[in-house]
There are 2 protein chains.
Amino acid sequence: MKTDTVFKRAYNDALDMVARMPEGAALPSENALSAEIGVSRTTVRKVIASLKAGGIVAGRGRERTVHSSSHDMQRFPRSETIAMAAQVEERFMEWMLRDNARPGTAINELDLARKFGVATTGIREFLNRFQRFGLIEKRPNAGWVFKGFTTSFALELFEIREMFEVRSARALAAMPPEAPCWHQLEALRREHMELLEHIEARYHDFSDLDSRFHRLISQTTPNRFIDSFYDIITVIFHFHYQWNKHDERQRNEVAIREHLTYAEALFSRDVAMVELACRAHLSSAKETLLRSTSGH
Amino acid sequence: MKTDTVFKRAYNDALDMVARMPEGAALPSENALSAEIGVSRTTVRKVIASLKAGGIVAGRGRERTVHSSSHDMQRFPRSETIAMAAQVEERFMEWMLRDNARPGTAINELDLARKFGVATTGIREFLNRFQRFGLIEKRPNAGWVFKGFTTSFALELFEIREMFEVRSARALAAMPPEAPCWHQLEALRREHMELLEHIEARYHDFSDLDSRFHRLISQTTPNRFIDSFYDIITVIFHFHYQWNKHDERQRNEVAIREHLTYAEALFSRDVAMVELACRAHLSSAKETLLRSTSGH
DNA sequence: AAATTGTTTTTTATCGATTAAAATGCAGTT
DNA sequence: AACTGCATTTTAATCGATAAAAAACAATTT
C-alpha cells in the first residue's frame with residue numbers, strides 16, 4: 001500500500017512552523033498551509049486533525065489557535081518521512097560509493113529488495129530510472145550489471161560536463177547587461193565571499209552553493225537535456241561528498257576561489273577569459289572526483 | 001505473470017531456421033541453438049519440445065532430425081512475440097506522434113494501462129524509463145505531464161546533437177589511417193551508393209542506414225552519455241519516420257547525398273571540411289524534424 | 001575430457017489488489 | 001469572497017504472488 005510519508009513530512013513541517021509562532025496565535029487558513037507546506041488541502045486537514053489530537057492546536061473552523069510550548073511535540077523520525085523511492089536511491093548510492101562495489105557485480109533485484117526492505121517492484125523502478133546515470137546496464141531477462149564507479153566513468157562524465165558548461169558560460173557572457181542573471185550571479189558571488197570568510201566553520205555548505213552556481217550558469221539558456229544531465233552531476237557529487245570527506249575543507253576553499261575567478265570572468269564578458277576560468281575549474285573538479293574512482 | 005513472448009519469438013526463429021535445412025538433417029545441439037537464436041538453453045528446450053509435438057522435429061537426445069516440408073508450420077503472430085514493455089513503448093509513441101497529443105496533457109497511469117491492456121506497473125516502468133527523452137515530466141504524487149513534441153523540443157535536441165556529433169566527427173577525422181573505423185566507414189559509403197542507385201524502390205531502407213552511419217561516427221570515441229543520447233535520437237527518428245511519410249523519398253535522397261559528402265570530408269581528414277559537412281547535414285535533418293513539430 | 005542432455009534452483013517480468021494522497025465538488029459559514 | 005466541512009472520486013505508490021527465462025548443477029554419451 002501507499003505509505004503515509006507525505007503526511008508525516010507535512011506534519012513535521014507544520015510542527016516547525018508552529019514552533020516559530022507565538023503562543024495563542026491564529027493558525028493560517030488551510031489553503032495557505034497547503035501552499036506553504038506543499039501538499040494538498042486533504043493532507044493539511046489530516047495534519048491539523050493530528051495537531052489538535054496532540055493538543056498543539058485548539059479550536060475549530062476559523063478559530064484555530066496554536067499552543068506549541070505547552071507540549072513536547074513529538075516529531076516523526078526522519079526515516080518515516082522519506083518515500084520508498086528516495087530511500088532506495090539513498091541506500092543504493094551508499095552501497096555503490098561507500099561499500100565500493102566492484103565493477104561487473106551482478107545486481108539482484110530480490111536481494112536488494114530484501115536488503116532495503118521494499119518490494120521488488122520498487123527496486124525495478126529505481127534501477128530503470130537510475131539507468132541513465134551510466135553506472136548500471138540492463139541485460140533483458142537476465143538482470144542488471146553494475147559497471148562501476150570507475151575512472152572512465154568520471155572521464156566520460158566530465159567530457160560532457162565541459163562541453164555543456166563552456167556552451168552555457170559563453171551564452172551567459174553574451175547576455176545583455178540588464179538581464180536578471182547578472183543580479184543572481186552577483187548575489188551568488190556575495191554568498192561565496194561570505195562563505196570564504198567563515199570557511200573554517202561552514203565549509204560543508206559549499207556543496208549546495210556549488211550546485212546552485214552551476215545551475216544558474218546553465219539555466220540562463222535552458223535546454224532540457226543539459227538540465228537533465230545536471231541532475232546526474234548533482235546526485236553524483238552529493239553522494240560522493242557525503243562519503244568522501246578527505247581534505248574537504250581545502251578542496252572546497254580552492255573551489256570557492258575558482259568560482260570567484262570564474263564569476264569575475266563572466267562579469268568581464270570576455271569570452272576567452274570565461275572559457276579559461278571555466279575549464280580551469282572543471283579540471284580541478286575532475287581531479288577531485290578521479291581521486292576516488294576505482295581504476296579503468 | 002511473465003508472458004512467454006521470448007519463447008514465441010524463439011519458436012518462430014527456429015521455424016525459419018529449420019525451413020532452410022534439408023529434410024532429415026540433424027538438429028544442431030541445444031547450446032548451438034541457444035547461441036544462434038539468442039535465448040537460454042531452457043527456452044531452446046521448450047522450443048524443441050514444441051517442434052517435436054508439431055511433428056517438425058523427430059527423435060530424442062542427440063538424435064534429433066528435421067522434417068520441415070511435411071508440415072504447415074504455423075507461426076506465432078508478431079504481436080505475441082513482443083514483450084509487454086516494448087509494446088507499451090510502441091503504443092505510447094503512436095499516441096504521442098500520430099494522434100498528436102497536445103502539450104500539457106496529463107498522463108494517467110490507469111487510463112493508459114487500460115488503453116494498452118497492461119497492468120499499471122508496466123506503465124509506470126515505461127514512464128520512468130521514458131522520462132529521459134525529455135517529452136514527459138513527473139510531478140510527485142500527482143502524475144505525469146506530456147510536454148509535447150514541440151519546436152523547442154526539436155531545437156534543444158538538435159543543439160545537443162550538433163555538439164556531440166561535431167565532437168565525434170573531429171575525433172574520427174583524427175584517427176590514424178590504420179584504424180578499423182576507416183574500413184567500416186568505407187563499407188557504409190558503399191551501402192549508401194548502392195541505396196542511391198536503387199532509391200526509387202528502396203528508399204525506406206535509409207532510416208536504418210542513417211542510424212548506423214551516425215552511430216559509427218560517435219562510437220569511434222565512445223562516451224556512455226553520448227551513446228545514450230543516440231538512443232533518444234534513434235527512437236525519435238524511428239517513430240517520426242514511421243508516421244510522417246511526407247516527401248520521404250526526396251528527403252532520404254538528399255540525406256544520402258549529404259552523408260556521402262560528409263564521408264568524403266572525413267576521408268580527407270580535413271577538420272574544417274568535416275565540420276562544415278557535418279553541420280550542413282544536421283541542419284537539414286533539423287529542418288525535417290521541425291516541420292512536423294507543433295509550435296513552441 | 002569435452003560436449004551434450006537432463007534436472008533443479010534462482011531470478012526476472014508481469015499481474016492484480018490495496019491503501020494513501022490528491023482532486024473535485026458543493027453546501028454552509030463568516 | 002474566501003474559508004471550512006464533508007463526502008466522493010480519481011489517481012499514485014506500494015505490496016506480494018506466480019509463470020517464464022536464465023543459470024547452475026548433475027548425469028550421460030561419444
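Computed from heavy atoms alone, side chains included, the values below leave out hydrogens, waters and symmetry copies.
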Mind checking if [X] touches a base, just sugar-phosphate, or nothing, with heavy atoms under 4.0 Å?
X      : answer
B/L112 : nothing
B/S29  : sugar-phosphate
A/G122 : nothing
B/D111 : nothing

### Message
Let me test you: for the helix from C/dA1-D/dT30 to C/dT30-D/dA1, what is the angle between the axes at its two ends (five pairs each), rounded to 10 degrees?
### Response
30°
Can you see if the side chain of [X] gets near the phosphate of [N] - specifically, an N or O under 4.0 Å from OP1 or OP2?
X      : N      : result
B/N141 : C/dA21 : no
B/K46  : D/dA21 : yes
B/T3   : D/dA20 : no

### Task
Identify, residue by residue, the members of residues 124-140 of chain A with a heavy atom below 4.0 Å from DNA chain D, and return them in order of residue number, or none.
none
### Query
Got a sec? Which of residues 38-45 of chain A come in under 4.0 Å of DNA chain D, heavy atoms?
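Heavy-atom contacts with DNA chain D come from A/R41, A/R45.
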If you define the side chain from C-beta out and look only at heavy atoms, does anything of [X] sit under 4.5 Å from [Y]?
X      : Y     : value
B/V235 : B/E89 : yes
B/E80  : B/P77 : yes
A/R60  : A/K52 : yes

### Query
Which sits closer to the 5' end of DNA chain C, B/L27 or A/K8, going by the nucleotide each is nearest to?
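The residue closer to the strand's 5' end, by nearest nucleotide, is B/L27.
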In whole angstroms, how far is the [atom2] atom of [N] from the [atom1] atom of [X]?
X      : N      : atom1 : atom2 : result
A/N108 : D/dA22 : CG    : C1'   : 12 Å
B/R114 : D/dA12 : CZ    : P     : 11 Å
A/R60  : D/dT4  : CZ    : P     : 12 Å
B/I37  : D/dA21 : CD1   : P     : 13 Å
A/E30  : C/dA21 : CD    : P     : 16 Å
B/N31  : D/dA23 : CG    : P     : 12 Å
B/M1   : D/dA21 : CE    : P     : 11 Å
B/D13  : D/dA21 : CG    : P     : 13 Å

### Query
Between the base of D/dT14 and the side chain of A/K2, is there a donor-acceptor distance below 3.5 Å?
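Checked by distance alone, the answer is no.
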Among [options], which nucleotide has an atom closest to any side-chain atom of [X]?
X      : options                : value
A/R64  : D/dG5, D/dT29, C/dT29  : D/dG5
B/A142 : D/dT29, C/dA22, C/dT18 : C/dA22
B/A119 : D/dA21, C/dG16, D/dG16 : C/dG16
B/R62  : C/dT5, C/dG16, D/dA21  : C/dT5

### Query
With A/F229, which residues qualify under ring-ring contact (aromatic ring centres under 6.0 Å, His included), at least two apart?
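ring-ring contact (aromatic ring centres under 6.0 Å, His included) list for A/F229, sorted by chain: A/F164, B/F225.
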### Task
Nearest 0.5 Å please: distance from the OG1 atom of A/T234 over to the CZ atom of A/R212.
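If we round to the nearest 0.5 Å, A/T234:OG1 and A/R212:CZ are 12.5 Å apart.
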### Query
Do the side chain of B/Q87 and the main chain of B/I82 share a donor and acceptor less than 3.5 angstrom apart?
yes
### Query
Just by distance, with hydrogens left out, do A/E109 and A/W144 show a side-chain donor and acceptor under 3.5 Å apart?
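Short answer, yes.
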### Task
Classify the side-chain pair A/H238/A/S207 by whether it contains a donor and acceptor separated by less than 3.5 Å.
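Short answer, no.
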### Query
Which atom names give the shortest non-hydrogen contact between A/R224 and B/G134, and what distance separates them?
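Looking at all heavy atoms of both residues, the closest pair is NH1-O, 2.6 Å.
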#### Entry: Minimal non-hydrogen separation, A/Y230 against A/H214, with atom names
CE2-CB, 3.8 Å
### Message
Listing request: all ring-ring contact (aromatic ring centres under 6.0 Å, His included) pairs with a residue in residues 78-114 of chain A, at least two apart in sequence or in separate chains.
### Response
A/F92-A/W95, A/F92-A/F126, A/F92-A/F130, A/W95-A/F146
### Task
Flag this pair as yes if the NZ/CZ of A/R98 is under 6.0 angstrom from the six-membered ring centre of A/F149 and inside a 45 degree cone about the axis; otherwise no.
no
#### Entry: Pairs involving residues 27-36 of chain A, ordered by first then second residue, that meet salt bridge (charged side-chain N to carboxylate O under 4.0 Å, His left out) (sequence neighbours left out)
A/E30-A/R41, A/E30-A/R45, A/E30-A/R64
